[in-house]
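Please read the structure below before turning to the comments.
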Amino acid sequence: MEDKRAVNAPSPVVTHWGIRYNHNVKQRHAEQRQGRLQGLSLSMGCAIMAVVLSAAGCSTLTREKQPINSEPIPLTPAVWFSPSGTTAEISYRNACHETVVLPMADPLLASVPNKLAEVFTGVMAKNQSEDFLGSDGVVEVGLGLRRLDVVVPKQVSGEYPASATVGLEMVFLARDGTMLFSRKLEGTGQGTVAVSNQSCDVTGLEAIVETAIGSVAEGLAQQMAQSVRIREYADQRDSWVPLVSHPVTPSDRVFNTDPSASQDAMEELPATTAKMVEPAQLSFRAILRDESRNRVLEPDESLTLDIEVKNEGPVEADDVVVLVNGKGGVEQVFPAEVLVGSIQPGEIRRISVTKRVTIPKTSLPGELTLNLRAASPMASIPPPKVFSLGIQSKRGDVASLPDVDRMPTVLGATRRPNAVIIAIGVGTFDDEHMPVMKYASHDAAVMAEYLRAIGAVPRERMRILLDRQGVRQELKETFEQWLPKRADAETVLYVFFSGRAVVDSRNGEVLLVPYDGTPFEPGHLYPLKRLQEAVSRLPIQRAIFMFDASLDPSPGADLTTMPLPDWTAGLEEQRKDAEMWMVGNRNLQEAHVSEQGKHGLFTYQLLRGLQGVADLDRDGTVVAGELCLYARGEVARVAREQFGNKQDPLCLPPVGRGAMIRIHPIAKGNNPKPPPTAQQSEEPSTDLSGPAPSPMLVGP
């Protein structure tokens with residue numbers, strides 16, 4: 001090899017003054033001690049004068065308080081970015097409402113070393129292929145939260161407010177692997193963005209993101225500058241033993257010594273200096289369950305937190321803990337740190353904590369945030385898990401809801417003896433760690449009876465799969481073997497699903513979770529795309545799909561860059577007249593349930609609509625577009641008023657596509673006109689704050 005640098009040869013480094021640093025440590029330490037003694041003498045003199053001459057005082061006592069220690073730390077650490085930083089991105093919706101990815105790596109890689117150069121006498125911006133022998137330690141930087149809040153109308157020129165939030169974690173590791181400093185912090189940037197006439201581009205976001213990065217980097221650098229342990233470590237520099245190989249690398253690699261070092265020199269060093277420390281590779285998932293499973297905390301209700309941590313690396317992870325914080329009082333339910341303990345390579349450790357909830361005096365949304373930490377260096381920092389809950393301060397007498405389990409005596413619309421009904425409700429799972437989907441099987445059973453009564457469908461043309469019946473093989477056999485034998489050109493297909501689904505973090509594909517499925521085994525899930533392809537091959541007349549599902553991300557997903565669930569995959573333009581999709585939850589979240597209605601919230605509103613109240617134009621018929629629009633508006637309203645958050649259903653094809661399926665008759669109308677004074681409050685709304693939908697917008 002041509003590059004034969006000596007082990008102890010000093011590496012050129014750049015100080016924050018922009019000149020080469022001379023490692024004359026003893027002289028600098030002497031100057032610092034002398035300066036501190038002079039400052040101490042001055043302070044003591046002023047204190048004595050303040051006692052003797054209390055009327056006159058001492059001018060030094062009135063000066064503004066200075067930082068604890070603003071002197072640069074005489075160290076030259078190397079800065080290492082975890083993979084989450086070197087490939088960092090943040091996404092947003094542009095003026096055409098398309099998802100756009102904004103790279104963050106360049107401002108992050110530039111800002112952090114610049115801020116650290118104000119703390120230390122020098123920094124070494126190393127890439128992952130270079131040696132760390134010339135450094136005095138490692139500053140490991142991991143990226144956490146990434147959020148960009150900007151909402152712009154579709155192709156409307158103007159300026160709009162925007163903000164960005166970026167979370168970082170910095171860890172300072174000594175040369176022997178000791179962790180001397182570890183902090184997490186979030187920084188924000190605010191400003192305005194601009195959209196020009198008929199343009200999709202949103203300008204000004206880059207500067208806001210850079211401000212957020214600079215803010216959090218400066219905050220962490222300031223905290224590191226005041227670290228007593230790092231300064232004590234620097235004071236002991238004269239006693240350091242030269243390293244044969246660097247003991248700590250924040251990646252899977254171990255850096256060897258310079259090839260010019262002799263074997264004799266290696267044998268003469270103490271054994272502890274040649275210790276190799278590899279980083280731990282941890283991932284975790286968490287499930288938060290309230291006792292009633294309605295995502296609303298009520299008085300005297302218990303709250304259970306299930307945590308599963310897996311060590312995917314080759315070394316043991318020491319002293320693993322889950323840090324708990326949040327807002328709304330939910331963070332006070334559990335301890336600030338949930339101890340998981342040490343985890344061997346390949347081991348999975350499960351922890352369950354159940355606590356009784358003390359409800360605050362006022363109702364408000366609550367939030368719980370979980371972060372994973374370990375005493376061992378971590379190769380990358382898993383993204384935090386965030387849970388939102390509604391909080392009900394006291395039990396009130398809420399007006400009772402209509403009982404949708406009791407079907408109206410007159411329900412039929414049009415006899416459809418060739419129709420086929422497939423109803424699937426999977427609320428419990430073979431994997432006991434999978435969260436329960438309350439009322440899922442009841443949803444499917446009642447919906448199947450409604451659809452049968454409406455179309456007078458023969459029971460032999462119905463397939464109902466509840467809980468244990470809903471295994472993957474049964475789903476496959478139902479859509480790929482049973483259904484094709486009963487489908488013809490006159491068939492109207494109704495498919496209802498209530499349960500859980502997983503969203504693939506790579507492409508947004510939706511995967512249904514059968515009874516024997518688990519997110520950690522994708523091969524045991526049933527892809528929605530496979531269901532769509534099976535139906536598209538059939539010579540059917542119409543197909544109505546209704547999905548009331550809780551959506552979870554695939555394990556290990558980065559929620560900040562996660563694509564939206566792709567419900568439109570496989571829904572081609574030529575199918576817009578034949579397929580209608582009513583999706584109760586378009587985003588990653590738990591689907592709400594209606595405890596009074598004893599159904600999933602979206603399912604309850606669909607059943608109410610089928611009773612006739614979804615006849616928005618009051619022409620005596622509930623069509624597909626009206627049913628979905630009614631359920632969508634009611635779900636959004638109830639989620640806002642009762643749970644303090646949102647659930648946004650989806651209707652496909654949307655209005656304006658000329659889709660004839662939207663006027664497909666489903667049920668008889670039964671929507672008497674309300675009194676004029678109550679009309680505004682009783683009509684359903686289509687979003688969280690907008691007006692009620694116009695009946696003119698329910699058709700194709």
Side-chain angles (χ1 to χ4, degrees), residues 77-87 126-133 135 137-144 169-182 184 243-259 266 269-286 307-323 338-351 370-385 433 505-506 518-523 554-558:
V79 182
W80 183 89
F81 289 87
S82 68
S84 63
T86 55
T87 60
K126 290 288 200 176
N127 60 44
Q128 297 184 25
S129 65
E130 294 178 308
D131 202 342
F132 283 88
L133 287 174
S135 67
V138 178
V139 178
E140 183 179 352
V141 183
L143 183 62
E169 180 178 26
M170 286 191 188
V171 177
F172 188 97
L173 303 173
R175 299 196 313 165
D176 62 354
T178 304
M179 183 185 297
L180 303 179
F181 175 90
S182 179
K184 284 184 178 180
L243 291 179
V244 172
S245 64
H246 198 283
V248 179
T249 59
S251 68
D252 294 336
R253 299 170 291 109
V254 175
F255 291 92
N256 295 323
T257 64
D258 188 278
M266 294 178 60
L269 292 175
T272 56
T273 64
K275 179 183 177 182
M276 303 293 184
V277 179
E278 294 189 57
Q281 299 182 28
L282 298 175
S283 63
F284 79 113
R285 67 169 179 164
I307 300 171
E308 181 179 280
V309 184
K310 182 178 181 180
N311 184 357
E312 300 176 315
V315 297
E316 180 182 7
D318 297 327
D319 299 332
V320 179
V321 297
V322 175
L323 305 180
V338 178
L339 179 63
V340 180
S342 298
I343 308 178
Q344 298 295 327
E347 181 184 2
I348 298 177
R349 186 72 60 85
R350 295 182 175 93
I351 302 293
L370 307 178
N371 286 282
L372 192 66
R373 285 288 308 280
S376 304
M378 296 175 62
S380 61
I381 303 171
K385 313 294 183 186
H433 296 286
S505 61
R506 299 167 299 178
T518 171
F520 286 92
E521 298 181 11
S554 56
D558 186 348

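Just so it is clear, the structure is predicted and the values come from calculations on it, not from any experiment.
V322 and L370 get closest at one heavy-atom pair: CG1-CB, 4.0 Å. The shortest non-hydrogen separation linking A375 to M179 is O-CE, 3.5 Å.
For the side chain to side chain contact (heavy atoms under 4.5 Å, CB included) criterion with V340, the lone passing option out of L282, V321, V309 is V309.
Under a cutoff of 6.0 Å and an axis angle of 45°, K310 and F284 do not form a cation-pi pair.
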Worked verdict on L180 versus L173 for side chain to side chain contact (heavy atoms under 4.5 Å, CB included): CA-CA 6 Å; L180 303 179; L173 303 173; over 6 Å; no
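Scored by the side chain to side chain donor-acceptor pair (under 3.5 Å) test, E347 finds R349 as partners (sequence neighbours excluded). Partners of R285 according to the salt bridge (charged side-chain N to carboxylate O under 4.0 Å, His left out) rule, which considers only residues two or more places apart in sequence or in another chain, are E308, D431. In terms of the side-chain contact (heavy atoms from CB on, under 4.5 Å) criterion, residue partners of S342 (sequence neighbours excluded) are, by chain and number, E316, D318, D319. For S554, the side chain to side chain donor-acceptor pair (under 3.5 Å) test picks out S505, with sequence neighbours left out.
A heavy-atom distance below 4.5 Å is not found between the side chains of V139 and V171. Side-chain contact between K184 and M170: absent, with no pair of heavy atoms (C-beta onward) separated by less than 4.5 Å. Under the 4.5 Å side-chain criterion, counting only non-hydrogen atoms from C-beta, R350 is not in contact with I307.
Judged by distance alone, the side chain of N371 and the main-chain N or O of L323 form no donor-acceptor pair under 3.5 Å.
Once rounded to the nearest 0.5 Å, the distance linking CG of N311 with CD1 of I348 reads 10.0 Å.
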